[in-house]
Amino acid sequence: MCLFRSEEHIERWLAGRPAGATIPVTTLCDLAHAWWHDRLAPDWRPHTTEQNQAILDACGLVDEFWHLA
Amino acid sequence: MFAELGRAPTAVEVGAAMDEAADTVTASWRRLHDAHALVLDGSAIHMAHPFSAVPTPYRVDADGRSWYANCAWDAFGICAALGVDGHIDTTCPDCATRLSIDVRQRQPDDATVLFHCLVPAAQWWDDIVFT
């Protein structure tokens, strides 16, 4: 789970390995906020798989790559 | 305590804060590890997502303190968890060029950067260190 300068840099880094998924850093920022904004709440409990899948869906990450189970 | 200290607390430190024995704390951590809410290395915290107990390529400065994140996702997650603006320093894995991103009001100041996730979501916990 890394940040890259561009698609060209990702392709070169992969060096022929199958690509995973690439998203804009703005989407990542939205995803991170939805996923972790409650992490330090005193009553925090781990999200369920369903809750986390709903977060991914809300960020538009709906294809099979992003299916948690 | 991780957020306050800028590093992972020990079981002894957490036990002292909670008036519990270190062994009790470690047993609780093991249950959290099994529930994928914590990652242990032996009996010590390795990851308390989004925070990393060991140095990584993702350094986050926020609210006057610094932490390491486990990955790019968690770097933004630290700002989100703290509910503050922050600064992320890392490098492009391809060319080693420094990537320096300010997060202001939940948005990165450089929208041209891309995030790549190599491993499909269903396999993340097969090896959470490599995703």
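Excluded from the calculations below are hydrogen atoms, water molecules and symmetry mates; all remaining heavy atoms, backbone and side chain alike, are included. So that the names make sense, note that chain A is the first sequence line, chain B the second, and so on, each numbered from 1. Given the structure is predicted, the values throughout are model-derived calculations rather than measurements.
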So for A:L68, is it side chain, backbone, both, or neither that comes closer than 4.5 Å to the heavy atoms of chain B? both
Using non-hydrogen atoms only, which part of A:W66 is less than 4.5 Å away from chain B: side chain, backbone, both, or neither? both
If you take all heavy atoms of A:A32 and B:A80, which pair is closest and at what distance? O-CB, 3.7 Å
Can B:I101 be reached from A:L28 by stepping across I, L, V, M, F, W or Y side chains whose heavy atoms are under 4.5 Å apart? yes
Flag if over 12 foreign heavy atoms under 6.0 Å of CZ, B:R106: no
Atom pair SG (B:C117) and CE (A:M1), whose distance is rounded to the nearest 0.5 Å: 4.0 Å
Which atoms of A:T26 are under 4.5 Å from chain B, going by heavy atoms: the side chain, the backbone, both sets, or neither? both
Show, in sequence, the C-alpha distance, side-chain angles and deciding distance for B:F115 and A:T22, and conclude whether the side-chain contact (heavy atoms from CB on, under 4.5 Å) test is met. CA-CA 5 Å; B:F115 171 71; A:T22 300; over 6 Å; no
Name the option with the most non-hydrogen atom pairs under 4.5 Å to chain A; the candidates are B:F76, B:Y58, B:W73, B:F2. B:W73
Okay, A:D30 and chain B: the region with an atom under 4.5 Å from a heavy atom over there is side chain
Can you say whether A:H67 sits under 4.5 Å from chain B via the side chain, the backbone, both, or neither, judging by heavy atoms? backbone
Once you measure the plane-to-plane angle for B:H49 and A:W36, does it fall in the parallel (<30°), tilted (30-60°) or perpendicular (>60°) bin? parallel
State plainly whether one hydrophobic cluster holds both B:V54 and B:W29, where clusters connect Ile, Leu, Val, Met, Phe, Trp and Tyr through side-chain heavy atoms under 4.5 angstrom apart. no
For B:L32, is it the side chain, the backbone, both, or neither that has a heavy atom closer than 4.5 Å to a heavy atom of chain A? neither
Are the side chains of A:L40 and B:L82 in contact, using a 4.5 Å heavy-atom criterion? yes
Taking the side chain as every heavy atom from C-beta outward, state whether B:C95 and A:H9 have any pair of such atoms under 4.5 Å apart. yes
A:R12, A:H37, A:E11: which one forms the most heavy-atom pairs within less than 4.5 Å of chain B? A:R12
Pairwise distance OG(A:S6) to CG(B:D94) - rounded to 0.5 angstrom: 8.0 Å
Looking at SG of B:C79 and NE2 of A:H33, how far apart are the two atoms once the value is rounded to the nearest 0.5 Å? 10.0 Å
Are B:L5 and A:W44 co-members of a hydrophobic cluster defined by side-chain heavy atoms under 4.5 Å apart? no
What part of A:L61 gets closer than 4.5 Å to chain B, counting heavy atoms only: side chain, backbone, both or neither? neither
Report which part of A:E8 has an atom under 4.5 Å of a heavy atom belonging to chain B: side chain, backbone, both, or neither. neither
With chain A, which of B:I88, B:T97, B:T112 has the greatest number of heavy-atom pairs at distances under 4.5 Å? B:T97
Would you say B:M1 ends up clustered with B:V12 if hydrophobic residues are merged whenever their side chains have heavy atoms under 4.5 Å apart, either directly or through other cluster members? no
Would you say B:M18 has more than 12 foreign heavy atoms packed within less than 6.0 Å of its CE? no
Gap between atom OG1 of B:T91 and atom CZ of A:R5 - 0.5 Å precision: 11.5 Å
Most heavy-atom pairs under 4.5 Å with chain A, out of B:A75, B:A37, B:C92, B:G83, belong to B:C92
Got a second to check how far A:E7's CD is from B:H116's NE2, nearest 0.5 Å? 9.0 Å
Heavy-atom check, side chain of A:W35 versus side chain of B:D74, under 4.5 Å: no
If you take all heavy atoms of A:L3 and B:T90, which pair is closest and at what distance? CD1-CG2, 4.1 Å
For chain B, the option from A:A69, A:A21, A:P46, A:P24 that forms the most heavy-atom pairs under 4.5 Å: A:A21
Is B:V60 reachable from B:Y68 through a run of hydrophobic residues whose side-chain heavy atoms are each under 4.5 Å from the next? no
Taking side chain as everything from C-beta outward and backbone as N, CA, C, O, which of these in B:L99 sits under 4.5 Å from a heavy atom of chain A? Side chain, backbone, both or neither. side chain
Rounded to the nearest 0.5 Å, what separates atom CD in B:Q107 from atom SG in A:C29? 5.5 Å
CA sep, side-chain torsions, deciding dist, call: A:F65, B:V119, side-chain contact (heavy atoms from CB on, under 4.5 Å): CA-CA 8 Å; A:F65 182 91; B:V119 178; 5.7 Å; no
